[in-house]
Structure formats: structure tokens, C-alpha cells
Amino acid sequence: MLNERERELIGKAVEVRERAYAPYSRFKVGAALLSRDGRVFAGCNVENASYGLTVCAERVALFKAVSEGTREFEAIAIACGKGPCAPCGACRQVLFEFAPDLTVIMTDSEGKEIRVSKLSDLLPEGFGPGSLER
Ligand code: THU
């Protein structure tokens, strides 16, 4: 069901998850974002003693990509703990800005259990750039 590129993406998400800075929640997350030009941008969650300043893995990956000049994406793999987890609402919104049709691959810390969804299904009727034109 998954192609080679997507399996590679899962491996990268599992790998970068180990670099998560999560001393408060102890919940490590890794994300790997595949751009249309074939590059992979990886991110982990980075927590802070001022808890609300924590940034999720998905947004770290996205902001890295955009700041490197990449704005078109095909898929993201997200690696969580014991089982796959879906991206939080804030990350869904931030990803929707650039890639409403994004394929979202969710997996556990070992990349074994896998769920696949579309961002547009996880965030139906999302508010995006086009919404400002109405
Ligand atoms: N977290 C993510 O990195 N991505 C998500 O989509 C959900 C939550 C992080 C934030 C925090 O560091 C920890 O997981 C627990 O919420």
C-alpha cells in the first residue's frame, strides 16, 4: 500500500523522534515532511519550561521547509509513542495553509502500526488562503 518514498519517510520520522526535547510531557514525536521536489524535512517536538511555548514536531518540520524556500508538499509521516497519533488541531491548520491535499501517515515509535489519512479529511472545510478572498 505504501510506496518506497513513504516508507523512507516513516523511517525518518522514527529517527528524528529520538531527538525530541520533551522533558515535561515525556511524549516524543517525530515528523518527516516530503516536498514535491523530493526533499525531506524532519522535525521533533521542542518543549519549554514555559509550557505553552512548546512547538510540535509537525510545525518544526514545516517551518524548516518553508524557511528553506519550499512550499509544496506531498506527504508527512508522524511517529508517536505506543501507537499512531493524529496531528493536533494547530498543526492541521498550519499544514493546511500549504498543503490541503497532504497525505498524513501516522505511526508508532517503531514505524510498525500505520494509519493513512488525507489532511482534508482530518480538517474538513479548513480555513485557508482562499478563504480570505471570499
Ligand atoms: N505534540 C506534537 O509534537 N505533535 C502533535 O501533533 C501533538 C503533540 C507534542 C507536543 C508536546 O511536546 C507533546 O507532544 C505532548 O503534547
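Everything numeric here is computed off the predicted structure, so don't read it as measured data. Remember, it's 1-based here, ligands and their atoms both numbered in the order they're listed.
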same_hphob_cluster(F127, V94) at 4.5 Å side-chain heavy-atom cutoff:
no
Give the minimum heavy-atom separation between L122 and R92, together with the two atoms involved.
O-NH1, 3.0 Å
Any protein N or O within less than 3.5 Å of an N or O in ligand 1? List each pair with its distance, or say none.
unit_1	atom_1	unit_2	atom_2	d
ligand 1	3 (O)	A57	N	3.0
ligand 1	4 (N)	E58	OE1	2.8
ligand 1	4 (N)	E58	OE2	3.4
ligand 1	6 (O)	E58	OE1	3.4
ligand 1	6 (O)	E58	OE2	2.7
ligand 1	6 (O)	C88	N	3.0
ligand 1	12 (O)	N45	ND2	2.9
ligand 1	12 (O)	E47	OE2	2.5

For a salt bridge (charged side-chain N to carboxylate O under 4.0 Å, His left out) check, start with the C-alpha distance between R7 and E4, then their side-chain angles and the critical distance, and finish with the verdict.
CA-CA 5 Å; R7 279 198 297 273; E4 201 181 315; 5.5 Å; no
Determine which pairs satisfy side-chain hydrogen bond (donor to acceptor under 3.5 Å, both in side chains) with at least one residue from residues 29-45, sequence neighbours left out, and list them in order.
S35-D37, R36-E74, R39-T70
Does R19 have any side chain to side chain donor-acceptor pair (under 3.5 Å) partners at least two apart in sequence or in another chain, and if so, which?
none
Other ILVMFWY residues reachable from L9 by side-chain steps of under 4.5 Å:
L34, V40
